[in-house]
Chemist: 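Quick one: the structure is below, questions incoming.
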Amino acid sequence: QVQLVESGGGLVQPGGSLRLSCAASGFTFSRARMSWYRQAPGKERELVATITSAGSMTNYADSVKGRFTISRDNAKNTVYLQMNSLKPEDTAVYYCNGVSGYWGQGTQVTVSS
């Protein structure tokens with residue numbers, strides 16, 4: 001079955017960095033477009049970044065452009081999200097997604113001084 005396991009979240013000060021990882025299994029990862037989403041308290045889940053199956057193209061939400069970088073390692077069935085210059089408004093639970101309807105448990109990112 002499809003499994004997505006996110007990790008790497010934590011508490012970081014404004015301006016800091018974190019690298020999230022998502023280990024995927026149960027589907028052909030190398031053929032899947034992968035995305036990172038986030039959901040802040042009281043808000044809807046929003047798309048943060050997307051990467052094509054071969055990693056040749058990426059897209060980002062305007063709010064994270066220039067600060068976040070999505071990447072993938074198809075040999076490890078893993079997608080990453082490097083987050084730099086973090087802001088308090090980046091605080092949310094972050095999820096990866098590659099198959100419609102399947103979600104992992106997410107990883108909490110808290111940006112606070």
Side-chain angles (χ1 to χ4, degrees):
Q1 69 277 23
V2 174
Q3 287 193 328
L4 299 162
V5 180
E6 300 93 343
S7 62
L11 173 64
V12 63
Q13 292 187 342
S17 298
L18 283 174
R19 189 194 194 204
L20 306 184
S21 299
C22 171
S25 61
F27 62 101
T28 307
F29 180 83
S30 60
R31 295 182 181 179
R33 177 189 302 256
M34 296 297 297
S35 299
W36 283 96
Y37 288 76
R38 67 185 181 187
Q39 187 166 20
K43 295 188 177 181
E44 293 186 355
R45 192 169 296 184
E46 64 170 342
L47 178 62
V48 174
T50 298
I51 187 167
T52 53
S53 58
S56 56
M57 292 183 65
T58 57
N59 281 292
Y60 299 91
D62 287 344
S63 59
V64 307
K65 277 182 183 176
R67 300 187 298 120
F68 290 11
T69 303
I70 188 172
S71 62
R72 66 190 296 160
D73 185 338
N74 285 349
K76 295 182 178 179
N77 282 11
T78 302
V79 61
Y80 305 97
L81 186 68
Q82 177 68 43
M83 305 187 297
N84 299 329
S85 301
L86 283 161
K87 304 175 181 180
E89 51 263 44
D90 295 319
T91 295
V93 179
Y94 284 72
Y95 303 88
C96 69
N97 179 266
V99 179
S100 180
Y102 289 89
W103 299 94
Q105 82 290 348
T107 186
Q108 175 71 49
V109 172
T110 302
V111 184
S112 175
S113 56

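Residue numbers run from 1 in the order of the sequence given. It should be emphasised that the depicted structure is a prediction, and the values quoted were computed from it without experimental measurement.
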Chemist: So, are Lys65 and Asp62 salt-bridged, with charged N and O less than 4.0 Å apart?
Modeler: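 Looking at Asp62 together with Lys65, the answer is yes, because their closest N to O distance falls below 4.0 Å.
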Chemist: Between atom CZ of Arg33 and atom CD1 of Ile51, what is the distance when rounded to the nearest 0.5 Å?
Modeler: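 One gets 10.5 Å once the value is rounded to the nearest 0.5 Å.
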Chemist: Check Ser30 against Ser53 and note the closest heavy-atom contact, atom names and distance.
Modeler: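 The answer is O-CB, 3.3 Å.
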Chemist: Please indicate whether Glu89 has more than 12 foreign heavy atoms, meaning atoms of other residues, nucleotides or ligands, lying under 6.0 Å from its CD.
Modeler: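 Buried by this count: over 12 neighbours within 6.0 Å.
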Chemist: Measure from the side-chain N and O atoms of Thr91 to the backbone N and O of Val111, and report whether any donor-acceptor pair falls under 3.5 Å.
Modeler: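 Judged by distance alone, yes, a pair lies under 3.5 Å.
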Chemist: Atom OH of Tyr95 and atom CG of Leu4: how far apart are they, to the nearest 0.5 Å?
Modeler: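 Rounded to the nearest 0.5 Å, the OH-CG separation comes to 12.0 Å.
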Chemist: Check the pair Asp90, Arg67 against side-chain contact (heavy atoms from CB on, under 4.5 Å), reporting the backbone distance first and the verdict last.
Modeler: CA-CA 11 Å; Asp90 295 319; Arg67 300 187 298 120; 2.7 Å; yes
Chemist: Tell me if the aromatic rings of Tyr37 and Trp103 count as close, with their centers under 6.0 Å from one another.
Modeler: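 Tyr37 vs Trp103: aromatic centres under 6.0 Å.
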Chemist: Spell out, yes or no, whether Val2 and Val79 are grouped together once hydrophobic residues are joined by side-chain heavy atoms under 4.5 Å, including indirect joins.
Modeler: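 In one cluster with Val2: Val79, yes.
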Chemist: Shared ILVMFWY cluster between Tyr80 and Tyr94, side chains joined below 4.5 angstrom?
Modeler: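 In one cluster with Tyr80: Tyr94, no.
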Chemist: List for me each residue that meets side-chain hydrogen bond (donor to acceptor under 3.5 Å, both in side chains) alongside Thr50, sequence neighbours excluded, and say none if there are none.
Modeler: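 Result, side-chain hydrogen bond (donor to acceptor under 3.5 Å, both in side chains) vs Thr50: Ser35.
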Chemist: Rounded to the nearest 0.5 Å, how far apart are CD of Gln82 and CG of Leu20?
Modeler: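 Gln82 CD to Leu20 CG: 8.5 Å, rounded to 0.5 Å.
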Chemist: Report yes or no: does Asn74 contribute a side-chain atom to a donor-acceptor pair with the main-chain N or O of Phe29 at less than 3.5 Å?
Modeler: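 A pair under 3.5 Å: no.
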Chemist: On a heavy-atom basis, which atom in Pro14 and which in Ser113 lie closest, and how many Å separate them?
Modeler: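 For Pro14 and Ser113, the tightest heavy-atom pair comes out as CD-N, 3.7 Å.
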Chemist: Is there a side-chain contact between Ser112 and Leu11, using heavy atoms and a 4.5 Å cut-off?
Modeler: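 Touching, per the 4.5 Å side-chain cut-off.
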Chemist: What heavy-atom pair brings Thr78 and Ala23 nearest, and what distance separates the two atoms?
Modeler: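 Heavy-atom minimum between the residues: OG1-CA, 4.2 Å.
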Chemist: When rounded to the nearest 0.5 angstrom, what is the spacing between CG in Asn84 and CZ in Arg19?
Modeler: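 If we round to the nearest 0.5 Å, Asn84:CG and Arg19:CZ are 11.5 Å apart.
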Chemist: I'd like to know if the side chain of Arg31 and the backbone of Phe27 have a donor-acceptor N/O pair within less than 3.5 Å.
Modeler: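 Absent.
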Chemist: Output yes when a side-chain donor or acceptor of Gln39 lies under 3.5 Å from a complementary backbone atom of Ala92, and no otherwise.
Modeler: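 Not at all, since once roles are kept as given, no pair shorter than 3.5 Å links the two residues.
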Chemist: Going from CZ on Arg72 to OG1 on Thr58, what distance comes out if it is rounded to the nearest 0.5 angstrom?
Modeler: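 Going from CZ on Arg72 over to OG1 on Thr58, the span is 12.0 Å.
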Chemist: To check you understand the geometry: which heavy-atom pair defines the closest contact between Gln108 and Val93, and what is its length?
Modeler: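 Looking at all heavy atoms of both residues, the closest pair is OE1-CG2, 3.2 Å.
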Chemist: Without swapping roles, check the side chain of Gln1 against the backbone of Gly26 for a donor-acceptor pair under 3.5 Å.
Modeler: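 No; judged by distance alone, with no hydrogens or angles, the pair does not exist.
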Chemist: Check this for me: Tyr60, atom OH, are more than 12 non-hydrogen atoms of other residues, nucleotides or ligands nearer than 6.0 Å?
Modeler: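 Yes - once you tally the heavy atoms of other residues, nucleotides and ligands closer than 6.0 Å, there are more than 12.
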Chemist: What's the spacing between Arg38 CZ and Cys96 SG if we round to 0.5 Å?
Modeler: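 Here the interatomic distance stands at 15.5 Å.
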